[in-house]
Amino acid sequence: MILYVNGCSHSAAAEAVVEHAWSCDDGDLWGTGTEPHPTNLSVSYGKRIADALGADLICQASSGGSNDRVIRTTTEWIHHNQDRLADTFVILQWTTWEREEWLHDGTWYQVNASGVDTVPLELQERYKNYVVNVDWPSKTLDAHDKIWAMHLYLKDLGVQHLFFSGHSTFSDIQNQRNWGKNYMHPYVREESYHNWLINNGGTYANAKSYHFDAESHRLWAKHVLQYIKDNQLLGPDEIPSY
């Protein structure tokens with residue numbers, strides 16, 4: 001089995017063990033890009049779930065990444081791995097709704113409303129305007145539609161999948177949709193990854209960045225595995241005791 005995981009820093013287990021978000025932040029791993037740091041990834045919820053299922057982990061999460069990036073890179077992986085989909089379980093963690101990605105001179109730039117992202121000179125005015133004019137209700141509705149479309153895409157392909165919210169939720173959405181069991185409580189604020197951990201013994205590795213430690217990743221992995229088991233998203237013989 002393949003466990004495919006994508007998301008932002010939460011799924012990359014940023015700072016869970018070492019203080020780095022990206023592998024390239026570590027001087028010993030210079031040039032490795034924006035992949036999760038391998039030491040952090042080794043204790044991530046994704047690695048723990050993969051180990052419990054006896055699955056091979058493929059994690060394309062990237063710190064600072066947008067939901068647009070999650071959709072794009074997941075879709076690309078699926079396109080190139082058609083022969084592996086029958087034996088793949090997909091977990092997608094969604095980040096804050098306002099984030100975007102911009103393609104400029106062949107490079108994708110991930111931006112959010114913090115006002116501190118680094119973009120080329122040619123994009124700086126656009127970024128300033130983006131930060132000032134973020135329409136949160138509109139962004140939330142747009143994310144709701146895009147994630148729903150991704151759910152339908154995976155469902156139509158017959159790909160087993162599970163979604164959860166990293167921090168933001170759709171608790172203010174009026175037009176709620178029937179996700180079946182494929183989205184962990186999208187309309188309940190307390191059920192996001194961040195809020196659930198805060199209420200169930202999770203501990204920050206770095207409170208300034210809201211990144212959790214290794215033990216918190218273990219707690220979340222156990223919670224997700226129980227959800228998968230309770231909702232029969234995998235066969236009972238595929239989910240061991242955890």
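Just so it is clear, the values below take in all heavy atoms, side chains as well, and ignore hydrogens, waters and symmetry mates.
For the atom pair CG of Asn40 and CD of Glu19, the computed distance is 10.0 Å after rounding to the nearest 0.5 Å. The CG atom of Asp117 lies 11.5 Å from the CD atom of Gln124; values are rounded to the nearest 0.5 Å. For the atom pair CD1 of Ile2 and CD1 of Ile58, the computed distance is 4.5 Å after rounding to the nearest 0.5 Å. For the atom pair OG1 of Thr95 and CG of Asn6, the computed distance is 11.0 Å after rounding to the nearest 0.5 Å. For the atom pair His161 NE2 and Phe89 CZ, the distance stands at 8.5 Å (nearest 0.5 Å). Of the inter-residue distances, the one linking Leu85 atom CG with Ile78 atom CD1 reads 6.0 Å to the nearest 0.5 angstrom.
What you find for Gln93 and Cys8 is that their closest heavy atoms are OE1-N, 3.0 Å. The nearest pair of heavy atoms linking Thr169 to Trp97 is O-NE1, 3.2 Å. Between Thr96 and Asn67 the shortest heavy-atom distance is O-ND2, 3.8 Å. Leu225 and Ala52 get closest at one heavy-atom pair: CD1-CB, 3.7 Å. Of all the heavy atoms in Ser44 and Ser11, the pair that sits closest is CB-O, 4.3 Å. Heavy atoms only, all atoms of each residue included: Lys181 and Leu233 are closest at O-CD1, 3.8 Å.
Classified by interplanar angle (parallel below 30°, tilted 30° to 60°, perpendicular above 60°), the ring pair Phe164/Tyr45 is perpendicular.
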Open item on the list: Could you walk me through whether Phe212 and His194 satisfy the ring pair (Phe, Tyr, Trp, His ring centres under 6.0 Å) test, starting with their C-alpha distance in whole Å, then the side-chain angles of each, then the deciding distance to 0.1 Å, before giving a yes or no?
Closed with: CA-CA 9 Å; Phe212 287 92; His194 174 269; 5.8 Å; yes
Task: Verdict with supporting geometry, Leu219 and Asn200, side-chain contact (heavy atoms from CB on, under 4.5 Å) - done: CA-CA 8 Å; Leu219 290 173; Asn200 288 274; 5.8 Å; no
TODO: Carefully, step by step, assess Val70 and Phe163 under the rule side-chain contact (heavy atoms from CB on, under 4.5 Å).
DONE: CA-CA 12 Å; Val70 170; Phe163 298 165; over 6 Å; no
- [ ] List the steps, then state whether side-chain hydrogen bond (donor to acceptor under 3.5 Å, both in side chains) holds for Ser66 with Glu100.
- [x] CA-CA 5 Å; Ser66 63; Glu100 296 182 2; over 6 Å; no
Task: Verdict with supporting geometry, Glu76 and His79, side-chain contact (heavy atoms from CB on, under 4.5 Å) - done: CA-CA 5 Å; Glu76 288 173 353; His79 176 74; 5.6 Å; no
Open item on the list: Determine whether Ile147 and Trp179 satisfy the following criterion, side-chain contact (heavy atoms from CB on, under 4.5 Å), listing intermediate values before the conclusion.
Closed with: CA-CA 10 Å; Ile147 294 171; Trp179 303 82; 3.7 Å; yes
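Side-chain polar atoms of Ser165 and Tyr183 form a donor-acceptor pair below 3.5 angstrom. Side chains of Tyr4 and Gln60: a donor-acceptor N/O pair is present below 3.5 angstrom, by distance only. There is no side-chain donor-acceptor pair under 3.5 Å between Tyr193 and His223. Residues Ser62 and Gln110 have side chains that never bring a donor and an acceptor to within less than 3.5 angstrom of each other. If you check the side chains of Thr88 and Asn81, you find no donor sitting under 3.5 Å from an acceptor.
Checked against a 6.0 Å centroid threshold, the rings of His217 and Trp220 do not count as neighbours. Between Tyr127 and Tyr109, the ring center distance fails the sub-6.0 Å criterion.
Hydrophobic clustering places Leu157 together with Trp148 (ILVMFWY residues linked when any side-chain heavy atoms are closer than 4.5 Å, directly or through intermediates). Hydrophobic clustering (side-chain heavy atoms under 4.5 Å, transitive across Ile, Leu, Val, Met, Phe, Trp, Tyr) keeps Ile49 apart from Trp77. Criterion: ILVMFWY side-chain heavy atoms under 4.5 Å apart, direct or through other members. Under it, Leu162 and Val159 are not part of a common hydrophobic cluster. Under the 4.5 Å side-chain heavy-atom criterion for grouping Ile, Leu, Val, Met, Phe, Trp and Tyr, Trp94 is not connected to Trp196 through any hydrophobic cluster. With hydrophobic clusters built from ILVMFWY side chains whose heavy atoms lie under 4.5 angstrom apart, Val188 does not share a cluster with Ile173.
Taking 4.5 Å as the limit, every side-chain heavy atom of Lys128 sits out of range of all side-chain heavy atoms of Val132. The shortest side-chain heavy-atom distance between Cys59 and Pro36 falls under the 4.5 Å cut-off. The side-chain heavy atoms of Met150 and Leu92, taken from C-beta on, include a pair separated by under 4.5 Å. With contacts defined as side-chain heavy-atom distances shorter than 4.5 Å, the pair Arg177/His144 qualifies. Between Lys47 and Val5 the shortest side-chain heavy-atom distance does not fall below 4.5 Å. Residues Pro137 and Thr140 fail the side-chain proximity criterion, which asks for heavy atoms closer than 4.5 Å. Between Asn112 and Glu98, some side-chain heavy-atom pair lies under the 4.5 Å cut-off. Looking only at side-chain heavy atoms (C-beta outward), Arg72 and Arg69 come within less than 4.5 Å of each other.
Side chain of Asp142 to main chain of Ser138: no donor-acceptor pair is present (N/O by atom type, distance under 3.5 Å, no hydrogens or angles). Remark: side-chain polar atoms of Asp87 are paired, donor with acceptor, to backbone N or O of Met1 under 3.5 angstrom. Using modelled atom types, no side-chain atom of Asn195 and backbone atom of Glu191 make a donor-acceptor pair closer than 3.5 Å.
For the side chain to side chain contact (heavy atoms under 4.5 Å, CB included) criterion with Gln160, the lone passing option out of Leu234, Val90, Ile228 is Leu234.
Heavy-atom neighbours of Tyr187 OH from other residues, nucleotides or ligands within 6.0 Å: above the threshold of 12.
Between Asp68 and Lys146 there is a salt bridge, since at least one side-chain N of the basic residue sits less than 4.0 Å from a carboxylate O of the acidic one.
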